[in-house]
Participant: 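Provided herewith is a single structure, encoded as structure tokens, for subsequent inquiry.
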There are 2 protein chains.
Amino acid sequence: MENLTLLFKEKNLKLTPQRYAIYKYLKSTKSHPSAEMIYDNLKANYPTMSLATIYKTLKTLIELGVVIELNVGEDNFRYDANTSQHPHIICLSCGRVDDIENADFNFLDDEAKKYTDYKIDTHQLYFYGICPECQKKSE
Amino acid sequence: MENLTLLFKEKNLKLTPQRYAIYKYLKSTKSHPSAEMIYDNLKANYPTMSLATIYKTLKTLIELGVVIELNVGEDNFRYDANTSQHPHIICLSCGRVDDIENADFNFLDDEAKKYTDYKIDTHQLYFYGICPECQKKSE
DNA sequence: TATTTGTAGATAATAATTTTCTTTTAATAG
DNA sequence: CTATTAAAAGAAAATTATTATCTACAAATA
Ligand SMILES: [Mn+2]
Ligand SMILES: [Mn+2]
Ligand SMILES: [Zn+2]
Ligand SMILES: [Zn+2]
């Protein structure tokens with residue numbers, strides 16, 4: 001969090017209240033929100049905040065490597081301030097997106113290297129299923 | 001291919017030349033084309049084909065379970081008539097999308113079950129890297 | 001405190017996908 | 001081989017997430 005100041009300074013970027021709020025919100029939540037969801041959550045405290053600012057800030061944070069973009073198959077992107085390599089699981093019923101925690105899938109890149117001539121950088125792993133809450137509902 | 005006729009009949013769907021052409025093209029290629037790419041490939045033989053027809057047909061084929069939609073992180077979707085569970089690899093330089101063949105990643109669903117209370121259905125695994133052609137170019 | 005340069009926010013633009021509506025066509029029965 | 005009917009094609013408009021543009025503002029620094 002404190003190193004964010006340094007990171008911004010390095011790149012001659014200004015750490016504005018809006019940018020800080022967006023990053024802080026992303027750090028605080030495990031909900032993997034979309035741009036719109038971030039907007040809805042911040043507009044109480046930042047009534048003049050524009051969606052364009054959200055999008056521009058997210059792009060900046062991604063370039064800085066402190067936020068990643070998730071493609072869960074919806075019509076929009078989701079964002080995550082947890083930049084460690086970790087898989088996600090999406091509920092096919094309610095759309096929530098959760099982390100899969102404590103699992104180590106880092107070996108996947110090496111495993112894949114055995115079967116391709118690509119130079120592999122990274123991967124994204126998405127599981128799809130039904131979350132515990134939705135399982136209860138459908139009983 | 002022949003069972004497509006049956007499948008359509010079962011659901012009271014009409015197997016039109018357009019639908020057949022779209023499916024056949026997807027079966028014939030390993031390029032994982034987008035809707036637009038399919039459109040460009042078919043319009044020589046089907047000059048009246050509309051992009052809306054492509055989109056509607058793709059949706060139908062997905063519902064039938066004979067085509068899957070890929071989310072590689074671009075601004076559009078890609079489509080694949082290979083519905084077996086297999087990972088993909090995307091070139092960060094030229095954008096091509098390839099299969100990772102002969103690798104068996106089916107154990108992933110079971111592995112993930114150990115770390116979540118979701119009921120897991122399926123997964124999507126995307127690797128990102130540099131394809132052999134692009135590696136040569138940058139030498 | 002003045003100057004510079006990057007950014008916020010409003011708005012318009014873009015582009016993929018979906019919807020709507022009318023005409024056409026595939027399937028089927030007579 | 002027609003006639004009938006429900007489904008689909010195609011054209012066009014609508015929708016929606018995201019991006020670009022532009023001007024007023026504010027953070028950094030000298
Ligand atoms: Mn996450
Ligand atoms: Mn494939
Ligand atoms: Zn759920
Ligand atoms: Zn390439």
Side-chain angles (χ1 to χ4, degrees), chain A residues 4-25 32-40 42-64 67-79 95 97, chain B residues 2 4-25 32-64 67-79 95 97:
Chain A
L4 201 65
T5 316
L6 268 89
L7 200 56
F8 271 70
K9 196 167 283 178
E10 267 175 28
K11 308 277 178 178
N12 286 326
L13 296 170
K14 289 178 183 168
L15 188 47
T16 62
Q18 292 88 341
R19 286 174 166 182
Y20 187 69
I22 291 167
Y23 181 71
K24 208 174 55 165
Y25 175 59
H32 305 89
S34 66
E36 188 103 28
M37 291 158 81
I38 297 169
Y39 178 66
D40 289 339
L42 295 185
K43 72 179 165 197
N45 287 22
Y46 297 82
T48 72
M49 173 92 69
S50 157
L51 245 184
T53 300
I54 307 265
Y55 278 110
K56 282 183 286 194
T57 298
L58 287 169
K59 216 173 185 180
T60 304
L61 294 171
I62 289 166
E63 274 166 19
L64 288 175
V67 162
I68 57 175
E69 198 172 54
L70 305 180
N71 243 274
V72 301
E74 290 176 319
D75 45 8
N76 54 31
F77 290 102
R78 301 274 200 138
Y79 299 89
V97 179
Chain B
E2 311 315 314
L4 201 65
T5 316
L6 268 89
L7 200 55
F8 271 70
K9 196 168 285 178
E10 267 176 28
K11 309 274 178 181
N12 287 324
L13 295 170
K14 291 178 181 169
L15 189 46
T16 62
Q18 292 89 341
R19 284 175 165 181
Y20 187 70
I22 291 166
Y23 181 70
K24 208 174 55 168
Y25 174 59
H32 306 89
S34 65
E36 188 103 28
M37 292 159 81
I38 297 170
Y39 178 67
D40 289 339
N41 263 281
L42 295 184
K43 71 179 166 198
N45 287 25
Y46 297 83
T48 73
M49 174 90 72
S50 156
L51 245 184
T53 299
I54 307 262
Y55 279 110
K56 283 183 283 195
T57 298
L58 288 170
K59 216 173 183 180
T60 303
L61 293 171
I62 289 166
E63 273 166 20
L64 288 174
V67 162
I68 56 175
E69 197 173 55
L70 305 180
N71 247 277
V72 301
E74 291 177 316
D75 46 7
N76 54 30
F77 290 102
R78 302 276 199 136
Y79 300 89
V97 179

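None of these values were measured; they are calculated from a predicted model.
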Participant: Atom CG in B/Leu58, atom CZ in B/Arg19: separation rounded to 0.5 Å?
Facilitator: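 These two atoms lie 11.0 Å from each other.
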Participant: To the nearest 0.5 Å, what is the distance between CG on B/Asn45 and OH on B/Tyr25?
Facilitator: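 Reported value, rounded in 0.5 Å steps: 12.0 Å.
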Participant: Exactly one of A/Leu61, A/Ile22, A/Ile54, A/Ile62 should register a side chain to side chain contact (heavy atoms under 4.5 Å, CB included) with A/Tyr79. Which one does?
Facilitator: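 Output: one option passes, namely A/Ile62.
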Participant: Calculate the interatomic distance between B/Asn71 atom CG and C/dA16 atom P; express it in whole Å.
Facilitator: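 Nearest whole value for this atom pair: 15 Å.
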Participant: Please report the interatomic distance CG(A/Asn76) to CD(A/Glu36), rounded to the nearest 0.5 Å.
Facilitator: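 Answer for the CG-CD pair, A/Asn76 versus A/Glu36, is 8.0 Å.
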Participant: Name the first nucleotide and the last nucleotide along DNA chain D (5' to 3') that come under 4.0 Å of a heavy atom in chain A.
Facilitator: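 Terminal contacting nucleotides, 5' to 3': D/dA17 to D/dA27.
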Participant: If you only use heavy atoms from C-beta on, which nucleotide in C/dA26, C/dG6, C/dT19 is closest to the side chain of A/Lys14?
Facilitator: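 Among the listed nucleotides, the one closest to the side chain of A/Lys14 is C/dG6.
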Participant: Measure the distance from CG on B/Leu15 to P on C/dA27 and round it to the nearest whole Å.
Facilitator: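 After rounding, the gap between these two atoms is 7 Å.
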Participant: Expressed as a whole number of angstroms, how long is the span from A/Met49:CE to C/dT7:P?
Facilitator: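 Roughly 15 Å, once rounded to whole Å.
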Participant: I want to check one thing: is the phosphate of C/dA8, taken as OP1 and OP2, less than 4.0 Å away from some side-chain N or O of A/Thr16?
Facilitator: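 Checking C/dA8 against A/Thr16, a side-chain N or O does come within under 4.0 Å of OP1 or OP2.
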Participant: With respect to the side chain of B/Ala52, which nucleotide from C/dT19, C/dA10, C/dA8 is positioned closest?
Facilitator: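 Among the listed nucleotides, the one closest to the side chain of B/Ala52 is C/dT19.
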Participant: Can you say whether a donor on the side chain of A/Lys56 sits under 3.5 Å from an acceptor on the base of C/dG9, or the other way round?
Facilitator: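 Counting by modelled atom types and ignoring angles, a donor-acceptor contact under 3.5 Å is found here.
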Participant: Taking only residues two or more places apart in sequence, or in another chain, which ones meet B/Tyr39 in a side chain to side chain donor-acceptor pair (under 3.5 Å)?
Facilitator: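 For B/Tyr39, no residue satisfies side chain to side chain donor-acceptor pair (under 3.5 Å) once neighbours in sequence are set aside.
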Participant: Verify side chain to side chain contact (heavy atoms under 4.5 Å, CB included) between B/Thr16 and B/Thr53, making sure each step is shown before the conclusion.
Facilitator: CA-CA 11 Å; B/Thr16 62; B/Thr53 299; over 6 Å; no
Participant: Applying a 4.0 Å non-hydrogen cut-off, can you work out what A/Leu13 is touching in the nucleic acid: base, sugar-phosphate, or nothing?
Facilitator: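 Sugar-phosphate only.
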Participant: Find the distance B/Ile62:CD1 to C/dT17:C1' and express it as a whole number of Å.
Facilitator: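 Computing the B/Ile62:CD1 to C/dT17:C1' distance gives 12 Å.
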Participant: Taking CZ from B/Phe8 and P from C/dT28, how many angstroms apart are they, rounded to a whole number?
Facilitator: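 Rounded to the whole Å, the gap is 14 Å.
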Participant: With nearest nucleotide decided by heavy atoms, which residue, B/Tyr46 or A/Leu51, maps closer to the 5′ end of DNA chain D?
Facilitator: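 This one resolves to B/Tyr46.
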Participant: Tell me the interatomic distance from B/Asn76, atom CG, to C/dT18, atom P, rounded to whole angstroms.
Facilitator: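 The distance from CG of B/Asn76 to P of C/dT18 comes to 12 Å, rounded to the nearest Å.
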Participant: Using a cut-off of strictly less than 4.0 Å, decide whether A/Gln18 has a side-chain nitrogen or oxygen near OP1 or OP2 of C/dG9.
Facilitator: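 Yes, such a contact exists.
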Participant: For B/Leu70, is there any backbone N or O sitting under 3.5 Å from a side-chain donor or acceptor partner on B/Arg78?
Facilitator: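 The answer is no, because no donor-acceptor pair under 3.5 Å joins these two groups.
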Participant: Rounded off to whole Å, could you give me the CZ-to-C1' distance for the B/Arg19 and C/dA27 pair?
Facilitator: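 These atoms are roughly 13 Å apart.
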Participant: Determine the contact category for A/Thr53: base if any of its heavy atoms lies under 4.0 Å from a base atom, sugar-phosphate if only primed atoms, P, OP1 or OP2 are that close, otherwise nothing.
Facilitator: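 Since a base atom lies under 4.0 Å of A/Thr53, the category is base.
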Participant: Which nucleotide in the list C/dT18, C/dT7, C/dG9 gets nearest to the side chain of A/Thr48?
Facilitator: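 Within the option list, the nearest is C/dG9.
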Participant: Taking atom P of C/dT11 as reference, at what distance in whole Å does atom OH of A/Tyr55 sit?
Facilitator: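 A/Tyr55 atom OH is separated from C/dT11 atom P by 18 Å.
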